[in-house]
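Following: one structure in structure tokens, then a few remarks.
Every value quoted in this text rests on a predicted model; they were computed, and no experiment measured them.
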Amino acid sequence: MNDHSFFACSFYQKGDKFESKGKGGVLMTLYGLFFDFNLVWPILAAIVIIGILGYTGAHFSLWAAVTVALLVGFKAPLPIIIVATAVAAVFAITPLRRNLITRFVMPIMKNMMPKISETERVALEAGVVWIEKDLFSGKPDFKKMLKESYPTLTKEEQEFIDGPVERLCEALDDWKIWQERDLSKEAWEIIKKEKFLGMIIPKEYGGLGFSAMAHSEVIHKLASRSLIACVTVMVPNSLGPAELLIHYGTDEQKKGLLPKLATGEEIPCFALTEPQAGSDAGAIQSKGTLFKGEDGKLYIRLNWNKRWITLAAISTTLGLAFRLYDPENLLGKGNDVGITCALIPSKTKGVVLGRRHDPLGAPFYNCPTQGHDVVVSAEECIVGGIAGAGKGWKMLMECLAAGRGISLPAQSVGGAKMCTRVASAHATVRKQFGVSIGKFEGIEEPLARIGGFTYLMEAARRLTCGALDKGIKPPVITAIAKYNQTELARKIIIDAMDIQGGQGISRGPRNLLAHGYIGAPIGITVEGANIMTRTLIIFGQGALRAHPYAFKEVNAVEKGDLAGFDQAFWGHGRHVVQNLFRSCLLSLTRGRLATSPVGGPTAKYYKKLSWVSASFAIMSDIAMAGLGGNLKFREKITGRFADILSWMYLGFAILRRFEAEGRRKEDLPFVHYGMKYAFARIQQAFDGIFENINIPGLGWLFGGVVAWWSHVNSLGDEAHDDVGHQISKIIQQDTAQRDRLTEGLFIPTREGEQFKRLEAAFKAIKSSEAAELRIFKAVKSAKLPKKKGLELVEEAFKQGIISETEMANIKRANELRLDCIQVDDFSQEEFLGQKTQSAPMRTAGAA
């Protein structure tokens, strides 16, 4: 039988041609049609069509139709066409696919999927998914993402920032706080009177009812003044009794305790961390045993040993996370009821408080606490009453999902803005070899990092707060915010200290950076240590939650939901195919094939982020499929995936800020710097994945061909030196742009304050810069003799090169400069703490 015999019922052969004898004539006309042309063109057309189908994520039915058409057009044998058509029909008709294929795939997948414990499941289901889903999709909808809110303060909130927050900052003396090991009485009074501890408490319960953005603004301003005050205010407004009561407390608990927490009548702490339960909070050993009292009511006998609990030593209400046991099954939930949260009056018999840890010398209250056979009422003390028993883990995960995105990111941004202001002013004021050190390229480099990172961090802070103010609690995004903001803040404070040199390492009232430098590791450590956050939470949680199909597959398998699994599994397959095509085609075109929601100088960054997203999505699927349950133990790999997801988010935050603030042309150096840095970090992470993923059978491909192509076709390097030069120059100018970059930090007005002194010197030097430049040019052209100091300035005045006013300004600027660069020194008695330290040294004529 020849190739055409299957059409015998409809066609007859006449010479070398076929003529139609029925409806099959149309198909017969197509059969072998491509051979009527130069085959190069049909082959190229087929490649283009397949590329379009893959890139656009075409439905399977369209793939099937095109496949059969190509087989017919290229004159494939009858058996192949029949088999292809049959396979297409099976996949296209859902009941057939579900019963003939999916039914057998599902048990195989069940054996391959990692086991998810109840603890892990609660953590995964805490909060919601936000724009990380777009970044994980391989095809982010930037037009939609750009509509995400970029929040501002209400009039009431701004008045609080300008009033009580400003007054609190004025009342704080950071040097005295560190020396006297506590906030002043005046500061404590302001904190309580103005309800700083009740920012998150709704107004109906006597709190301020602030938005996430306002909460963040307060923290970030306090951070620019005093780390200790910042932490003291920050912690009660983060994970703790107030947050737990607002969301889960009974009406009686809310009415009884929230008003007192708002006014500081009750000082809260929350005891979570233990010697054997740090990052692994699920390993809590603290124990509560339920029993029925003689009065017929339910009570709990508690024993605990907690550490690193902020404010514990002065707390009056102690929040406690513990594992509740019910040996008599009084609740009907078995012996191990689960992790539970309770609020315990600190004066209860058996509660041990009063001792303190010393977190690198930072004198905020960080304390251990123990409880020995502490007996409390179950209904009164369990958050949510008896109904809240065993639900503590869920409460903690949901509250952390929000808290991680506010407190430490805000503190980090406040510190970053402080460093930007101080380092840039110091680089201008401090001279070496007769030139401000900020003009040396060696100083420009860290100044550029400080300025570039500060712009980036503020962008991420506002974008994250925008989500939280909409009621969205995205745990992956808040983990990204906490991890990256604290890490960037650490880099910034190190750079700022390097620029200050000897002045940076000399502690005293004049040192504005030392305490921030000392305290940097604290933010790295708390609310989930950064190593764990990066390697386990960001990608480990994101891989399931943000992936469009993975969590649906897991749920369907566990529930035995064949229909749900069928839809998720084959949707996942289509997702993989699309991202494979998108990754390859966007890589070949360096992202140019993607679209951008905007034009102009930032359009290329949206396109490149689309390229990154597609490559990230396909590599995530390859890693999950190739490594299976072992992926959770490959933390170097998951950490690199976390880096890619993090920098996609931070990169988008930069672009969102640029759009929200009116596409200011003068801000482009910061945008270019941040985006270049983001892509360089992403490239580094991809390279590490390709070279180390070691999937059985595919190691040669990723470690060889793909790694080589990644190096050849890199996403890019960090910003050019010229961009860094522009940033360094911008932040060393006394302009509105510099003020915008550091907006929201506290600048003191009190005499004798080093920050005020530094600002005054900076402004005086900038105002006399033009006159000094004329003197420099006059010396260079031999119009003035090569004299130094004031003698040269006076000679310039005599020769009419500068005016009398300009001479006075230069002299004043030099006086302020000299005073500003002094460092503190102490007598032996003062140094040993045996004598009250003297007032900061002042230079004659200094402000």
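Proximity of Phe641 to Met619: side-chain heavy atoms (C-beta onward) are separated by under 4.5 Å at one or more points. A heavy-atom distance below 4.5 Å is not found between the side chains of Lys391 and Thr340. In this structure, Tyr483 and Ile538 have side chains that are in contact, with non-hydrogen atoms separated by less than 4.5 Å. At a threshold of 4.5 Å between non-hydrogen side-chain atoms, the residues Val374 and Asn303 do not count as touching. Residues Leu320 and Leu343 form no side-chain contact, since every pair of their non-hydrogen atoms from C-beta on lies 4.5 Å or further apart. Inter-residue side-chain proximity for Val375 and Ile300 is flagged as unmet; no heavy-atom pair is nearer than 4.5 Å. Within the 4.5 Å cutoff, the side chain of Phe616 has no heavy atoms near those of the Asp621 side chain. A heavy-atom distance below 4.5 Å is not found between the side chains of Ile406 and Met234.
The two atoms that bring Pro345 and Val351 nearest to each other are O-CG2, 4.2 Å, heavy atoms only. Closest approach of Cys399 to Glu243, counting heavy atoms only: SG-CG, 3.4 Å. Shortest non-hydrogen contact noted between Gly528 and Thr533 is O-OG1, 3.1 Å. The heavy-atom pair separating Cys269 from Leu311 by the smallest distance is CB-C, 4.1 Å. Taking every heavy atom of both residues into account, Ser149 and Leu463 meet most closely at O-CD1, 4.4 Å. Nearest heavy-atom pair, Pro268 versus Pro241, reported as atom, atom and distance to 0.1 Å: CB-CG, 3.7 Å.
A donor and an acceptor atom, one from each side chain of Ser315 and Tyr365, are nowhere located under 3.5 Å apart. Using a 3.5 Å distance cut-off with no hydrogens or angles, the side chains of Trp570 and Thr102 do pair a donor with an acceptor. A side-chain N or O of Glu527 and one of Ser238 form a donor-acceptor pair less than 3.5 Å apart. Side-chain N/O atoms of Glu398 and Tyr248 include a donor and acceptor closer than 3.5 Å. Side-chain atoms of Asn237 and Ser407 form no donor-acceptor pair, as typed in the model, at a separation below 3.5 Å. A donor-acceptor pair shorter than 3.5 Å cannot be found between the side chains of Asn335 and Asn329.
Taking CD1 from Ile284 and CG from Leu324, the interatomic distance works out to 12.0 Å, rounded to the nearest 0.5 Å. Taking OG from Ser286 and CD from Gln370, the interatomic distance works out to 10.0 Å, rounded to the nearest 0.5 Å. Of the inter-residue distances, the one linking Ile219 atom CD1 with Met199 atom CE reads 4.0 Å to the nearest 0.5 angstrom. Atom-to-atom distance recorded for Ile309:CD1 and Trp304:CH2 is 11.0 Å, nearest 0.5 angstrom. Here Thr464 contributes atom OG1 and Lys482 contributes atom NZ; the two are 14.0 Å apart, rounded to the nearest 0.5 Å. Separating the CD atom in Glu148 from the CG atom in Asp134 is a distance of 8.5 Å, to the nearest 0.5 Å.
Counting heavy atoms of neighbouring residues, nucleotides and ligands inside a 6.0 Å radius, atom NZ of Lys470 exceeds 12 of them. In the displayed structure, Arg356 atom CZ is contacted under 6.0 Å by more than 12 heavy atoms of other residues, nucleotides or ligands. Counting non-hydrogen atoms of neighbouring residues, nucleotides and ligands closer than 6.0 angstrom, the NZ atom of Lys297 reaches no more than 12 such neighbours. Heavy-atom neighbours of Glu379 CD from other residues, nucleotides or ligands within 6.0 Å: above the threshold of 12. Heavy-atom contacts from other residues, nucleotides or ligands closer than 6.0 Å to CD1 of Ile695 number more than 12. The neighbour count for Lys287 NZ, taken as heavy atoms of other residues, nucleotides or ligands under 6.0 Å away, does not exceed 12. Crowding of Glu635 atom CD: a count of heavy atoms from other residues, nucleotides or ligands under 6.0 Å exceeding 12. No more than 12 heavy atoms of other residues, nucleotides or ligands lie within 6.0 Å of CH2 in Trp308, so this atom counts as exposed by the packing criterion.
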Worksheet item: Between Asp326 and Lys333, is a salt bridge (charged side-chain N to carboxylate O under 4.0 Å, His left out) present by the stated rule, with each step listed?
Response: CA-CA 8 Å; Asp326 183 6; Lys333 298 180 179 181; over 6 Å; no
Practice prompt. Begin with the C-alpha distance, continue with both residues' side-chain angles, and end with the deciding distance and a verdict on side chain to side chain contact (heavy atoms under 4.5 Å, CB included) for Leu302 and Phe322.
Written response: CA-CA 8 Å; Leu302 291 158; Phe322 63 95; 3.6 Å; yes
Item to complete: List the steps and the verdict of side chain to side chain contact (heavy atoms under 4.5 Å, CB included) for Tyr649 and Trp130.
Response: CA-CA 11 Å; Tyr649 177 71; Trp130 185 43; 3.6 Å; yes
Worksheet item: Between Thr317 and Leu257, is a side chain to side chain contact (heavy atoms under 4.5 Å, CB included) present by the stated rule, with each step listed?
Response: CA-CA 9 Å; Thr317 296; Leu257 194 53; 3.8 Å; yes
Discussion item. Run Val476 and Val129 through side chain to side chain contact (heavy atoms under 4.5 Å, CB included) and show every step you take.
Written reply: CA-CA 8 Å; Val476 175; Val129 178; over 6 Å; no
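A donor-acceptor pair is defined here as one N or O able to donate and one able to accept, closer than 3.5 Å; no such pair exists between the side chain of Thr638 and the backbone of Gly540. Proximity of a side-chain donor or acceptor of Arg634 to a complementary backbone N or O of Leu627 within less than 3.5 Å is not detected. The backbone N or O of Ile382 sits less than 3.5 Å from a side-chain atom of Gln253, completing a donor-acceptor pair. Distance alone, capped at 3.5 Å, is enough to place a donor-acceptor pair between the Arg462 side chain and the Pro151 backbone. Not one N or O on the side chain of Glu328 forms a donor-acceptor pair closer than 3.5 Å with the backbone of Phe291. Checked by atom type and distance alone, the side chain of Glu157 pairs as donor or acceptor with a backbone atom of Ser211 at under 3.5 Å. Asp566 places no side-chain N or O within 3.5 Å of a backbone atom of Leu562 that could act as its donor or acceptor partner.
Asp643 has a carboxylate O that lies under 4.0 Å from a charged side-chain N of Arg534, or vice versa, which qualifies the two as a salt bridge. Electrostatic pairing of Arg461 and Glu217 counts as a salt bridge here, judged by a charged N lying under 4.0 Å from a carboxylate O. The pair Lys306-Glu274 meets the salt-bridge criterion, since a charged nitrogen lies less than 4.0 angstrom from a carboxylate oxygen.
Taking the six-membered ring for Trp and thresholds of 30 and 60 degrees, Phe136 and Phe539 have nearly parallel ring planes, at less than 30 degrees apart. The aromatic rings of His572 and Tyr549 lie parallel to each other, with less than 30° between the two planes, well short of the 60° mark.
For the side-chain contact (heavy atoms from CB on, under 4.5 Å) with Lys195, the lone residue among Leu261, Ile201, Thr263 that qualifies is Thr263.
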